[in-house]
Amino acid sequence: MPKYKLEIEHSVDRAQVAKELERLAKLIAHHDYQYFTLANPEISDEQYDALRRQNQELEAHFPDLRRLDSPSHRIGSPVSSQFDKVKHRKSLLSLDNVFNEKEFTDFGKKFRRFLKMPEDVVIPMLAEPKIDGLSASLHYQDGQFVLGATRGDGQEGENITANLRTVRDLPLGLFGDNVPKNLEVRGEVYMKIADFEALNMQRRQKEEQAFANPRNAAAGSLRQLDSTITAARPIHFFAYYAQSLEGNVAETQEELLQKLQQWGFVVNPYHQLCQTHDEMMQYYQNMQETRETLDYEIDGLVFKVNDLRLQERLGVVGRAPRHSIAFKFAAEQAETVVEDIILQVGRTGVITPVAVLQPVIVGGVTVSRATLHNEEEIRRKDIRIKDSVIVHRAGDVIPQVVRVLTSKRSNDSQVYHFTEKCPCCSSLLHQTPGQIAKRCLNGFGCEDQAIQRLIHFVSRDALNIDGLGEKHIARFYALSLITTPVDIFTLEERSKTHQEPLETWEGWGKQSAQNLWDAIHKVRTLPLDKLIFALGIPQIGQTTAKLLAKHFVVFERFLETILKAHQNNSDAHKELMHIEGIGHGMARDIVDFFQQKHNLQMVEGLLKHIAVLPCEVADHLLLSGKTVVFTGSLEHISRSEAKAQAEKLGAKVGSAVSAQTTFVVAGKDAGQKLKAAKDLGVEIIDESAWHEMVSTAS
Ligand code: IVH
């Protein structure tokens, strides 16, 4: 009996402690909010410290009762050797940029056209500053912060929960009783300019390398394996987006921001709802002035369609939504002198002339190189060595030479003559008729190209091999240990029998070598689109690689078709050209790539070491496996929106009617294709039947 009584006493005790810990977490969160977010403390520092101490002592006695939203998480803790990966439920998108009023107006026209709305219809936009930091995704379950991740490649980021918990203006527990059960919040982590400068001062004193800008400082602080270091860094968070598994969080972007604020997030105060184009331009003007007074960096503005249902309709193209745009601030310019012109060999063999400049500060950053694009551009702008020039820089964009100050031209200025040979491997340069760029076709036989292709192959968006950075690649290449991607997969075997195995090298050890073998092993199985992208085919970025993967599903089909597509009027060539999003130029580059023996050999070599996963085709959607063709003019939606709707439902959208077509949607004045459908006995439906199909499916 006494034992039983003791247990009861103990559980009462624990329940009370749990309650007290909850009270303290909420109370401290309230005072954090007052202090950090509103800058309006209600209690003294001593009173605040006493609450923190009380919490700490209780947790020390009852460690298992420590809450997810406990204020003690704010101080961080050292964690394991690397961050875990987190797959985003919905991709973290990026934004397309515009740089002037005309481009901004075109953006407005384009999305109205997609919606089949008149050019002058008023569509309210929510304008916000574009914070120059890095985006993060935060998950809340039952109002508690449970998981935080970096953007990564947009599909998959890194789990940095412990680090984010230390960010003082990020709530660990949400306020109010209208918080969705499962909530994901996205926003920007950033560092204030003054904090960045103070941090750099400290670092210089300790002879540590200074950060280049506040954005890098915030990124560096967030990617610490030891979150006590993050805790000591002054980083902040602005929330700008939320979504929930339980349905719509709000009707408009404006309302969404209000909700975020009510739940305890800091929302940038400068957002503004704009109705007309003039209002938007006025906001741009105002913010350009306000920018100078802000204590954090913004690199432009973001304009978002305010109505979230319209946003949903507009959808995504590539990696950017159609409903939002980044309107960047005008580029900054400066005058300097061209000291030399050199040639660089790019990853795909394209030769780019680069101006070596007398270093000059443009928009806070020292610029000593600018791209001259190609021979044609040098001639057109008449850029000569020793010329005084105006250079400009817009955000992350590579600096450019705008124009030559011819009035300052001296007698010793020298006209530049483009060479006929690769500056790296001396092979004769090639120029495809009709193209401006000159190319070295020596592939992996050209050192500059090989190194860059290898770097691309292992980079984050391609194979993403952790621990194989640019410096490592250059070193392995210099020692002829890795000269093509195939070598990456045989390196471990070769290293074992080598007289100096990797773990004995300077800068390497048993653990780091093992980590590299593990990382390489992990990518021996990889999705088709990653492989296509990783090959570094000219013009084939991630989006196109995905399109190709989706179309061909398995690598063998892809390769077989591309090899046959060499014949211009072959069925294979037609098939390639019919893929939505693949134009003539791209098709030619893909075909040419595999016509080069060294590329084909490399791919065949790779396939001995890796397994390529077929592209996952969504087979559970209403139109999965079906092919739809649209013809005639649609009354209520644009052709682009119709196409996007069909693809969302899993269909392939065909451009011509064939026996493979599942059905044709015929709008007004349909002609040839309608006739073809009738001849072939393909099912035909009208626009209203299409809308009905879409609305029943969603
Ligand atoms: S909305 C749908 N709003 O800009 C795209 N992004 O270039 C979601 N950013 O990766 C972005 N301030 O890191 C949005 N007020 C703001 C922003 C913002 C900064 C960043 C964000 C994004 C990048 C896109």
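Note that ligands are numbered from 1 as they come in the structure, with each ligand's atoms numbered from 1 the same way.
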_Looking only at protein heavy atoms, which one is nearest to atom 5 (C) of ligand 1, and what is the separation?_
Leu95 CD2, 3.6 Å
*For atom 12 (N) of ligand 1, grab the closest protein heavy atom and report residue, atom and distance to one decimal in Å.*
Ile131 N, 3.0 Å
Looking only at non-hydrogen atoms, which of [options] approaches [atom] most closely?
{"atom": "atom 13 (O) of ligand 1", "options": "His271, His323, Glu188", "answer": "Glu188"}
{"atom": "atom 3 (N) of ligand 1", "options": "Lys328, Lys130, Lys304", "answer": "Lys304"}
{"atom": "atom 8 (C) of ligand 1", "options": "Tyr240, Phe238, Tyr241", "answer": "Tyr240"}

*Side-chain H-bond candidate by donor/acceptor type, Thr276 with Asp278, under 3.5 Å*: no
*asked:* So is Pro129 touching ligand 1 or not, going by heavy atoms under 4.0 Å?
replied: yes
*Should Pro321 be listed as contacting ligand 1, given a heavy-atom distance under 4.0 Å as the test?*
yes
*Main-chain N/O of His277 paired with Gln282 side-chain donor or acceptor, under 3.5 Å*: no
*Can a cation-pi geometry be assigned to Arg639 and Phe630, taking NZ or CZ under 6.0 Å from the six-membered ring centre and within 45° of the ring axis?*
no
*Just which atoms of ligand 1 are under 4.0 Å from any heavy atom in Glu128?*
3 (N), 15 (N), 16 (C)
*Is it the side chain (CB and beyond), the backbone, both or neither of Arg186 that lies under 4.0 Å from ligand 1, heavy atoms counted?*
neither
*asked:* Below 4.0 Å, non-hydrogen atoms only: which portion of Val302 touches ligand 1? Side chain, backbone, both or neither.
replied: side chain
*State, yes or no, whether a side-chain contact exists between Leu92 and Arg186 at a heavy-atom distance under 4.5 Å.*
yes
*Would you please classify the geometry between the Tyr190 ring and the Phe238 ring as parallel, tilted or perpendicular, with 30° and 60° separating the classes?*
parallel
*Are the charged groups of Glu297 and Arg215 less than 4.0 angstrom apart, N to O?*
no
_Name the residue from Val628, Leu623, Val653, Leu621 that meets the side chain to side chain contact (heavy atoms under 4.5 Å, CB included) definition with Glu647._
Val653
